[in-house]
Student: 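Got a structure here, written out as structure tokens. Questions coming.
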Amino acid sequence: MRVLIIGSGGREHALAWAIAKSPLLTKLFVAPGNPGTAELAENVPLRANGIAGLVAFAKDQKIDLVVPGPEAPLVAGIADALAEAGIACCGPSAAAAELEGSKKFTKEIADAAHIPTAAWASFAHAEEAHDYIEAVGAPIVIKADGLAAGKGVVVAATLEEAHDAVTAIMEDRVHGAAGSLVVIEECMVGEEISVFALCDGEEALYFGVAADHKRVGEGDTGPNTGGMGAIFAPPWATEEVVRESMERIVRPALREMARRGTPFRGFLFAGLMVTAQGPKLIEFNVRFGDPECETVLPMLASDLLGALKAATDGTLKDVRLEWHNGGSATVVMCAKGYPGAYATGSEIYGLEEAGQVEGVTIFHAGTMAEQNGILANGGRVLAVNGVGADLRTALARAYAAIDTLDWEDGFCRRDIGRRALGQV
Ligand code: AMP
Ligand code: GLY
């Protein structure tokens, strides 16, 4: 098979790494890719959001399967454009990608399918939102309806914070048009998990569970990021929790999408809160998580490409996945300043040696190749994954690799997985 992966982050490097191992693969492209994917595939200088250019390339190169990494090309309709050109795409149509594109849409699907989730209301006028907050009280969660680069959510501990969030989102439009509507939710309490399922429109195949670490600072402090690290199968994601997540959340959502005539194909990412009443939906994403992807894929023993093909062929019900035993953990190395302003262009030394630490794979997230070596070229720069007999070993290996690196302008959280280790 000739395969094109779209994107340039650690998730796409991990997808390329897993797909490159497949006996089904004949040629792999990544658009635009990064220096990590360049070692496994041919990078193509096309923007991930340039739908027309990507479709033309896929036609020209007789691509059999396109695998979009990020949500933006999906929300912009790349799966639809590829379908028109007769090219398989392991990702949802623009209509089905609304599951990530609009929080209100997600809540409507959840209600229609009786999926456990936080009580909610949505408002198109700031004044009504302010009144609702006064009526319900704090803590309360305020969300911009549309895509806001993961920054559109405020978990407000006080009424004042909640009112300020509505003002920022709806009146000051800090997230632009994404703030023309707000969703206000009950604040759920528990541990968060990311549950993944590969879907073919009808069937949902469980594809692993991970816990992300979203805050930039140790002890879960400071602003939200894209994710500072992840662990595979945290202890609070028990078998029962995973089973409930699939039966009460993922599969009902899939059935509801199909019932509406917008079946979901591709990776469905259910962001859940494990509460005292079981798992409840926080949000859906229409793609793999990052850095969850770099954490889950090293545990997959089955052929990834075979599963992706089954998802586009509609034959997922015949697929059984095998997983490795043990633990997996990813620690993200970021440029100092992230998630605020950061500098690019500093050199990272010791990558080769770090990659040789037992059980370690280093995925490039925001790097750039130069004659002399690898330079930082993003906020999240490297995703360092370790696998081992258990989570403790996996984490120790990831940190051993990080300690081998010599990158003055980089930092990482030193406490990835610590809460989970306290529970095992
Ligand atoms: P989202 O972008 O919807 O994933 O929200 C970002 C983060 O806000 C989530 O990862 C949670 O930590 C938190 N969050 C969102 N909704 C709720 C909720 N209803 N209750 C508690 N925390 C929430
Ligand atoms: N790590 C969370 C996400 O990919 O959205």
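Computed from a prediction, not measured in an experiment: that's the story for all the values here. When a ligand or atom number is given, it counts from 1 through the structure's own listing order.
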Student: Using the salt bridge (charged side-chain N to carboxylate O under 4.0 Å, His left out) criterion, which residues pair with Arg287? Sequence neighbours excluded.
Tutor: Glu71, Glu100

Student: Using 0.5 Å steps for rounding, measure from the CZ atom of Arg248 to the NE2 atom of His114.
Tutor: 11.5 Å

Student: Might you point out which heavy atoms bring Met333 and Gly410 nearest each other, and give the distance in Å?
Tutor: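 Scanning both residues completely, I find the closest heavy atoms to be CE-C, 4.3 Å.
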
Student: Using the ring of each side chain (for Trp, its six-membered ring), is Phe29 parallel, tilted or perpendicular to Phe57, with breaks at 30° and 60°?
Tutor: perpendicular

Student: Within a strict 4.5 Å, meaning less than it, do heavy atoms of the Val136 and Ile140 side chains meet?
Tutor: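 A side-chain contact exists here, since the closest heavy-atom pair is under 4.5 Å.
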
Student: Could you tell me, atom by atom, which parts of ligand 1 come under 4.0 Å of a heavy atom of Glu192?
Tutor: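 Those atoms are 9 (C), 10 (O), 11 (C), 12 (O).
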
Student: Show the numbers, then the answer: is there a side-chain contact (heavy atoms from CB on, under 4.5 Å) between Arg414 and Ile402?
Tutor: CA-CA 10 Å; Arg414 284 274 158 188; Ile402 283 172; 3.7 Å; yes

Student: Under 3.5 Å, N or O to N or O, is Lys214 touching ligand 2 that way?
Tutor: no

Student: If you measure every N/O of Asn224 against every N/O of ligand 1, is any gap under 3.5 Å?
Tutor: no

Student: Tell me, which protein residue and heavy-atom name are nearest atom 2 (C) of ligand 2, and how many Å apart are they?
Tutor: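 Here the closest protein heavy atom is Asp212 OD2, 3.3 Å.
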
Student: Going by the atom numbers of ligand 1, which of them fall below 4.0 Å from some non-hydrogen atom of Val155?
Tutor: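 It comes down to these atoms of ligand 1: 8 (O), 13 (C).
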
Student: Output the list of atoms in ligand 1 that are nearer than 4.0 Å to some heavy atom of Met273, sorted by atom number.
Tutor: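 Here the atoms of ligand 1 in question are 21 (C), 22 (N).
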
Student: Give the numbers and elements of all ligand 1 atoms closer than 4.0 Å to a heavy atom of Met188.
Tutor: 18 (C), 19 (N), 20 (N), 21 (C)

Student: Is there a polar contact, in the sense of an N or O pair closer than 3.5 Å, between Val153 and ligand 1?
Tutor: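 No, since none of the N or O atoms of Val153 sits under 3.5 Å from an N or O of ligand 1.
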
Student: Rounded at 0.5 Å granularity, tell me how far CD1 in Ile231 sits from CG in Leu421.
Tutor: 7.5 Å

Student: What about the rings of Phe267 and Phe207, do their centers lie closer together than 6.0 Å?
Tutor: yes

Student: For ligand 1, is any non-hydrogen atom under 4.0 Å from Val189's backbone (N, CA, C, O), its side chain (CB onward), both, or neither?
Tutor: neither

Student: Should you measure from each heavy atom of Glu185, which atoms of ligand 1 turn up under 4.0 Å away?
Tutor: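 Listed by number with element, the hits are 16 (N), 18 (C), 19 (N).
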
Student: Could you list the atoms of ligand 1 found under 4.0 angstrom from a heavy atom of Lys143?
Tutor: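 Near Lys143, meaning under 4.0 Å from one of its heavy atoms, ligand 1 has 3 (O), 15 (C), 16 (N).
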
Student: So how far is it from Leu65 CG to Ile19 CD1, rounded to the nearest 0.5 Å?
Tutor: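 Between Leu65 CG and Ile19 CD1, I get 7.0 Å after rounding to 0.5 Å.
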
Student: I'd like to check which ligand 2 atoms, numbered from 1 as shown, lie under 4.0 Å from a non-hydrogen atom of Gly226.
Tutor: 1 (N), 2 (C)

Student: Could you tell me if any non-hydrogen atom of Arg287 lies under 4.0 Å from any atom of ligand 2?
Tutor: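 For ligand 2, residue contact (heavy atoms, under 4.0 Å) with Arg287 is present.
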
Student: Is there a nitrogen or oxygen of Asp290 sitting under 3.5 Å from a nitrogen or oxygen of ligand 2?
Tutor: yes

Student: Record the part of Lys103 in heavy-atom contact with ligand 1 below 4.0 Å; permitted values are side chain, backbone, both and neither.
Tutor: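 Looking at Lys103 and ligand 1, just side chain atoms fall under 4.0 Å.
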
Student: Hey, which atoms in ligand 1 end up nearer than 4.0 Å to a heavy atom of Lys214?
Tutor: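 Answer, ordered by atom number: 10 (O).
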
Student: Give the numbers and elements of all ligand 1 atoms closer than 4.0 Å to a heavy atom of Cys187.
Tutor: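 Numbered from 1, ligand 1 contributes 20 (N), 21 (C).
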
Student: Could you tell me whether Phe196 and Phe288 have their ring centroids closer than 6.0 angstrom?
Tutor: yes

Student: Counting from 1, what ligand 2 atoms have a heavy atom of Gly289 closer than 4.0 Å?
Tutor: 4 (O)

Student: Among Lys280, Arg215, Lys214, which residue satisfies the salt bridge (charged side-chain N to carboxylate O under 4.0 Å, His left out) criterion with Glu192?
Tutor: Lys214

Student: Would you say Phe269 and ligand 2 have an N/O pair spaced under 3.5 Å apart?
Tutor: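 Between Phe269 and ligand 2, no N or O pair is found under 3.5 Å apart.
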
Student: Examine ligand 1 and decide if any of its atoms is less than 4.0 Å from a heavy atom belonging to Gly271.
Tutor: no

Student: What is the ring orientation for Tyr206 with Trp323, classed by angle as parallel under 30°, tilted 30 to 60°, or perpendicular over 60°?
Tutor: tilted

